[in-house]
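See below for the structure under consideration.
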2 protein chains.
Amino acid sequence: MKEEKKVLTEKVIKRLTLYHCILIQYIESGLEFISSPQIAFLLGIDNSQVRKDIKAVNNTGKCKVGYNVRELKESIERTLGFKKNKDAFIIGAGNLGSALSKYDDFSNYGLNILAMFDSDPLKVGITINKKQIFHISKLPDLTRRLNVKIAILTVPRQSAQNCADFIINAGIKYIWNFSPVVLKVPEWVHVWNENLTSNFLQFIVNDEVRNDD
Amino acid sequence: MKEEKKVLTEKVIKRLTLYHCILIQYIESGLEFISSPQIAFLLGIDNSQVRKDIKAVNNTGKCKVGYNVRELKESIERTLGFKKNKDAFIIGAGNLGSALSKYDDFSNYGLNILAMFDSDPLKVGITINKKQIFHISKLPDLTRRLNVKIAILTVPRQSAQNCADFIINAGIKYIWNFSPVVLKVPEWVHVWNENLTSNFLQFIVNDEVRNDD
DNA sequence: TAGATTGTTAATCGATTAACAATC
DNA sequence: TAGATTGTTAATCGATTAACAATC
């Protein structure tokens with residue numbers, strides 16, 4: 001029996017991780033059940049939306065009481081693969097790269113930073129939060145030996161494309177790109193553009209939070 | 001004549017900032033015009049989508065040549081308010097907070113970090129990238145004096161809700177929340193949940209980039 | 001001219017919301 | 001029982017894609 005392969009849209013995944021946060025808070029409060037209207041209220045969304053999302057993680061609830069908090073948390077973790085290790089390298093040991101290497105929350109979701117890379121000889125050899133900084137020239141060898149497919153790109157925008165070319169050539173297939181640059185990559189390489197400021201603008205643009213009001 | 005108030009959806013804003021990145025790259029390459037199929041190809045989207053988005057920033061192109069790169073860049077910046085200052089405080093001078101305070105790219109989009117706040121006496125008084133760390137107790141006074149409405153919340157998840165309550169009480173209206181917690185806030189406070197790991201999962205979940213394949 | 005592109009409308013697709021029978 | 005909730009289908013809404021006349 002072939003395992004059913006479900007495609008979860010980005011919006012569903014974002015909501016599921018928010019449900020997951022809520023569930024952790026419920027568990028800490030000692031609560032055992034949560035209903036779809038409760039989740040919906042906390043997030044300001046529709047309750048049938050919540051039930052549909054929960055259906056997508058193969059969880060069932062009980063009439064009148066709702067969903068078992070621990071079971072639902074497990075279901076979300078299983079569906080989103082929190083327990084499956086996703087190894088990654090950080091490229092660029094600047095401010096953002098260093099901060100991400102110390103960001104322990106990643107490991108709760110199965111994302112492990114194995115090492116960092118930089119071209120600055122002064123940074124090479126330093127260890128940040130148990131992650132060593134290697135010279136970028138060491139990346140091809142380590143990518144192959146450790147079978148790493150994911151790179152977190154936090155280099156200055158001027159060197160982002162060169163860097164991308166280099167790491168793709170070394171075998172990287174997934175680039176989580178923090179540089180505000182649109183990278184040109186082969187069709188078999190996946191890029192996720194994490195433009196933090198863009199995310200911020202999505203938040204405030206329509207509300208016109210300006211200093212001059 | 002009242003200025004037309006357009007609501008831009010999050011997806012449109014995200015695409016516009018990507019177009020903006022492409023335009024900068026075009027300008028650096030000395031190119032003067034760009035067409036919708038060119039933009040569409042670089043981003044892997046439909047070209048009529050691009051034309052619709054560009055229409056939303058009140059820019060017009062020329063048949064056969066496309067859009068003037070500099071003009072289009074200006075139009076996007078005007079629509080998204082890059083030139084309008086958006087002052088913000090960072091709450092929590094940990095790894096992520098410190099990194100964001102040094103993230104100079106923010107200023108290109110009009111986001112200014114004025115100061116940082118922390119409850120740790122050892123951090124208070126330190127200056128990071130010209131931004132001073134104040135004790136959190138100083139926030140209400142400074143929020144009012146500087147008329148700051150935006151806070152970037154980078155505190156540990158355990159203290160996030162308390163922190164949110166405190167800064168909302170001090171007058172903060174917009175919270176860019178980097179803690180993996182769903183905050184309970186009054187209806188007049190806006191929260192944007194920036195769960196980095198959630199963003200990452202949106203990127204890789206459907207592709208099953210696991211170590212065990 | 002021929003061909004590429006814009007601007008715009010219509011068609012399609014997908015996501016959200018409403019509604020409600022079944023359940024406990 | 002009465003009332004709250006689930007699970008699911010139908011209706012609505014919005015976003016993307018297709019199509020094409022107008023333009024240069």
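A, B, ... follow the sequence lines: proteins, then strands. Residue 1 opens every chain. What you see is a predicted model, and the numbers here were worked out from it, not measured in a lab.
Remark: the B:Lys11 side chain and the D:dT16 base include no donor-acceptor N/O pair separated by less than 3.5 Å. Within 3.5 Å, a donor on the side chain of B:Lys52 pairs with an acceptor on the base of D:dT17, or the reverse.
When the C1' atom of C:dT5 is taken as reference, atom CD1 of B:Ile54 falls 12 Å away, rounded to whole Å. The distance between atom CD of A:Glu10 and atom C1' of D:dT16, rounded to the nearest whole Å, is 14 Å. The separation between A:Asn47 atom CG and D:dT6 atom P is 8 Å, rounded to whole Å. Summarising the geometry, the separation between CG on B:Leu8 and C1' on D:dA15 is reported as 14 Å, rounded to the nearest angstrom. In this structure, CG of B:Asp53 is placed 17 Å from P of D:dG14, rounded to the nearest angstrom. Summarising the geometry, the separation between CD1 on A:Ile45 and C1' on C:dA15 is reported as 12 Å, rounded to the nearest angstrom. Rounded to an integer number of Å, the gap from A:Asp46 CG to D:dT8 C1' is 14 Å. Distance B:Gln49 CD to C:dT6 C1': 16 Å, rounded to the nearest Å.
Taking only side-chain nitrogens and oxygens, A:Arg51 never comes nearer than 4.0 Å to OP1 or OP2 of C:dT17. Under 4.0 angstrom from either OP1 or OP2 of D:dT6 there lies at least one side-chain N or O belonging to A:Ser36.
Comparing atom distances between the B:Lys64 side chain and each of C:dA4, D:dG7, D:dT16 picks out C:dA4 as nearest. Taking every side-chain heavy atom of B:Ser48 into account, D:dA19 is the closest of D:dG7, D:dA19, C:dT6. The B:Pro37 side chain lies nearest to C:dT5 when the options are C:dT5, D:dT16, C:dT16.
Among B:Ile34, B:Leu42, B:Leu43, B:Ile39, the one residue that satisfies the side-chain contact (heavy atoms from CB on, under 4.5 Å) test with B:Val50 is B:Ile39.
Using a cut-off of 4.0 Å between Lys/Arg side-chain N and Asp/Glu carboxylate O, B:Glu77 and B:Lys73 are scored as salt-bridged.
Ring orientation note: the planes of A:Phe178 and A:Trp176 are tilted relative to one another, at an angle of 30° to 60°.
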Exercise for review: Begin from the C-alpha positions of A:Tyr67 and A:Phe33 and carry the test ring pair (Phe, Tyr, Trp, His ring centres under 6.0 Å) through to its verdict.
Suggested key: CA-CA 5 Å; A:Tyr67 304 88; A:Phe33 288 92; 9.3 Å; no

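Mapping B:Asn59 and A:Arg15 onto DNA chain C by nearest heavy atom places B:Asn59 at the nucleotide closer to the 5' end. Residues A:Cys63 and A:Lys55 both approach DNA chain D. Their nearest nucleotides, taken by heavy-atom distance, put A:Cys63 toward the 5′ side.
Side-chain atoms of A:Asn68 and A:Asn59 include no donor-acceptor pair closer than 3.5 Å.
The neighbour count for B:Glu32 CD, taken as heavy atoms of other residues, nucleotides or ligands under 6.0 Å away, does not exceed 12.
How far CG of A:Leu18 is from CG of A:Leu16: 9.0 Å, rounded to the nearest 0.5 Å.
Stem list for DNA chain C (at least 3 consecutive Watson-Crick or G-U pairs, distances under 3.5 Å): C:3-24 with D:3-24.
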